[in-house]
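The residues of the chain are indexed from 1 along the displayed sequence.
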Amino acid sequence: MKSLLGLLIGAGLAFGMPAHAQQKLDGWFIAQEACEAFQSKNNLTNPGGMRLLDSTAYDMIGINKIGGDWYQVKIPGAPVTQDRWVAKSCGVHVVAADPDATTDVVTPGEITVPDGTEATDLLIALSWQPAFCETRPSKTECRQINDGLLPITETQLSLHGLWPQPNGNFYCGVPEAIKQVDKQKRWMDLPAPELDDDTLERLAVAMPGVASGLDRHEWIKHGTCFFGDRNGDEYFDDSLIVLDAINGAVANLLSGSVGASLSANDIKGAFDTAFGAGAGDRVQIKCTGDGGRVLIQELRIALLGEITEDVDIGALILAADPQTTGCNGGIIDPVGLQ
């Protein structure tokens with residue numbers, strides 16, 4: 001939120017993209033009434049029942065299209081996602097009075113993903129988010145999780161990232177200045193991937209780390225080397241296809257074991273049952289400690305082949321090389337600091 005001093009009402013539309021696409025906007029949105037702030041403007045979902053505060057400024061993200069009727073603004077601390085849609089009629093868009101004002105936030109236009117064949121040698125990393133948050137409680141998404149605002153994280157794995165292999169295949173077409181922003185972990189200063197509304201909404205649930213810019217980091221470091229259609233939308237759509245299939249196979253095992261221990265063999269066996277004998281050998285288990293307990297934090301699954309909407313995920317897993325087991329097992333951590 002910003003002081004109203006020094007602001008000038010302005011239109012500020014960012015042109016140059018197709019008319020139907022969401023448009024990035026600079027500046028702030030000044031609420032003139034206590035309107036609802038929706039996660040999905042299509043389904044009118046509003047986790048946390050968030051409303052804007054009258055006469056308050058919010059960081060502006062964009063408008064749904066040129067001449068559209070929905071602004072997207074950032075509401076700090078909002079559960080599931082801080083990026084919320086508000087009716088255009090709820091307030092006004094303002095920009096800085098100084099037209100020469102600059103910011104160190106880098107823009108998407110500085111990245112040119114080179115042409116290339118879509119990556120088919122892949123590793124997908126999926127997190128058990130409560131375990132991740134035991135050791136990083138100050139992160140925005142972890143404060144929400146530990147406050148009980150994201151119960152879905154105790155019922156399924158969350159997306160960490162889809163990583164083209166071999167390891168070290170990073171930052172394709174990314175300028176050095178943006179690499180340095182990423183390496184300094186200033187992830188919210190990175191350009192956001194260009195995603196359609198459906199992908200944005202699904203990703204906010206599937207990847208709680210969006211609240212801390214994890215989607216921006218994963219796109220810049222790994223997604224630019226995925227190639228495909230050379231955009232973030234396909235990269236994350238494909239990631240979500242794999243996530244959904246793997247959650248369908250093992251989420252019940254994990255959620256049914258919250259507070260208890262699982263062995264590596266338990267998890268590998270679930271993959272064998274769901275995807276075929278040998279699938280579990282393509283799974284690596286990462287654990288973390290929190291001062292006395294060993295917690296299962298992440299599963300990393302090897303894939304070989306092109307990801308499509310109707311692909312057999314089991315076939316992609318079985319086609320990949322076996323992985324080292326990693327951790328031999330640990331506790332499935334409950335939500336909240338233990």
Side-chain angles (χ1 to χ4, degrees), residues 1 22 29 31 34-53 56 58-64 70-87 90 125-134 136-161 187-188 190 192-219 232-233 235-237 239-241 243-244 246-247 251 254-255 258 298 333-337:
M1 301 180 189
Q22 179 179 342
F29 180 78
C35 297
E36 277 200 85
F38 298 104
Q39 173 199 353
S40 168
K41 60 181 173 56
N42 298 322
N43 299 322
L44 301 182
T45 52
N46 182 5
M50 303 304 296
R51 286 183 173 273
L52 302 187
L53 300 176
T56 301
Y58 297 85
D59 287 336
M60 175 65 81
I61 297 172
I63 192 168
N64 61 314
W70 291 92
Y71 283 131
Q72 191 175 41
V73 303
K74 190 169 292 295
I75 303 179
V80 179
T81 176
Q82 298 182 72
D83 299 351
R84 296 299 186 102
W85 292 101
V86 298
C90 182
L126 306 178
S127 299
W128 186 254
Q129 205 72 23
F132 172 85
C133 288
E134 286 287 354
R136 298 166 180 85
S138 64
K139 280 189 167 289
T140 300
E141 65 272 24
C142 292
R143 291 198 303 269
Q144 295 172 354
I145 288 168
N146 292 333
D147 286 344
L149 297 175
L150 300 178
I152 195 170
T153 59
E154 201 174 33
T155 66
Q156 63 182 34
L157 291 161
S158 298
L159 178 63
H160 178 173
W187 293 349
M188 295 304 291
L190 292 169
E194 295 181 17
L195 308 177
D196 63 32
D197 289 351
D198 179 66
T199 305
L200 275 168
E201 291 162 12
R202 294 173 61 209
L203 192 64
V205 175
M207 178 186 266
V210 165
S212 297
L214 178 60
D215 56 328
R216 302 175 185 220
H217 162 71
E218 291 297 322
W219 162 243
D233 202 68
Y235 171 67
F236 283 112
D237 281 346
S239 301
L240 292 169
I241 287 171
L243 172 68
D244 288 346
I246 292 176
N247 269 328
L254 298 173
S255 63
V258 169
E298 188 164 275
D333 192 45
V335 163
L337 294 176

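From Leu203, atom CG reaches atom CD of Glu218 across 10.0 Å, with rounding to the nearest 0.5 Å. To the nearest 0.5 Å, atom OG of residue Ser158 and atom CD1 of residue Ile145 are 6.5 Å apart. The OG atom of Ser212 sits 8.0 Å away from atom CZ of Arg143, with the distance rounded to the nearest 0.5 Å. Atoms OH and CG, on Tyr235 and Asp215 in that order, are 10.5 Å from each other to the nearest 0.5 Å. Separation of atoms CG (Leu157) and CH2 (Trp128) is listed at 6.5 Å; rounding is to 0.5 Å. Here the CD atom belonging to Glu141 is positioned 10.0 Å from the CG atom belonging to Asn146, to the nearest 0.5 angstrom.
In this structure, Glu36 contributes its side chain and Arg51 its backbone to no donor-acceptor pair below 3.5 Å. Here the side chain of Arg216 pairs a donor or acceptor atom with the backbone of Leu190 at under 3.5 angstrom. When atom types are taken as modelled, the side chain of Gln144 and the backbone of Ala78 share a donor-acceptor pair closer than 3.5 angstrom. A side-chain donor-acceptor contact under 3.5 Å links Asp233 to the backbone of Asp196. Asp147 places no side-chain N or O within donor-acceptor distance of the main-chain N or O of Leu149, the cut-off being under 3.5 Å.
Between the side chains of Ser255 and Glu154, no donor-acceptor pair is found at a separation under 3.5 Å. A donor-acceptor pair shorter than 3.5 Å can be found between the side chains of Ser127 and Glu298. Residues Asp83 and Gln72 bring no donor and acceptor atom of their side chains to less than 3.5 Å of each other.
Of the candidates Leu200, Ile241, Thr199, Leu243, Thr199 is the only one forming a side-chain contact (heavy atoms from CB on, under 4.5 Å) with Phe236. The side-chain contact (heavy atoms from CB on, under 4.5 Å) with Arg84 is formed by just one residue from the set Asn46, Leu52, Ile61; it is Asn46.
Residues Thr45 and Phe38 are not in side-chain contact: their nearest non-hydrogen atoms beyond the backbone lie 4.5 Å or more apart. Residues Thr155 and Thr153 form no side-chain contact, since every pair of their non-hydrogen atoms from C-beta on lies 4.5 Å or further apart. Gln39 places none of its side-chain heavy atoms less than 4.5 Å from the side chain of Trp85. Between Leu53 and Tyr58, some side-chain heavy-atom pair lies under the 4.5 Å cut-off. Residues Met188 and Lys74 have side chains in contact (heavy-atom distance under 4.5 Å, counting atoms from C-beta outward). Looking at Gln22 and Asp197, their side chains come closer than 4.5 Å, going by heavy atoms from C-beta outward. Residues His160 and Leu126 form no side-chain contact, since every pair of their non-hydrogen atoms from C-beta on lies 4.5 Å or further apart.
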Please evaluate residues Arg202 and Asp244 with respect to the criterion salt bridge (Lys or Arg N to Asp or Glu O under 4.0 Å), reporting the C-alpha separation (whole Å), side-chain torsions for both, the decisive distance (0.1 Å), and the verdict.
CA-CA 11 Å; Arg202 294 173 61 209; Asp244 288 346; 3.4 Å; yes
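Nearest heavy atom pair, residue Cys133 against residue Leu337, reads O-CD2, 3.9 Å. When all heavy atoms are compared, the tightest approach of Pro151 to Gly148 is CD-O, 3.8 Å. Minimum interatomic distance between Pro47 and Pro79 (heavy atoms only, all atoms of both residues): O-CG, 3.4 Å.
When ring centroids are compared, Tyr71 and Phe29 come within the 6.0 Å threshold.
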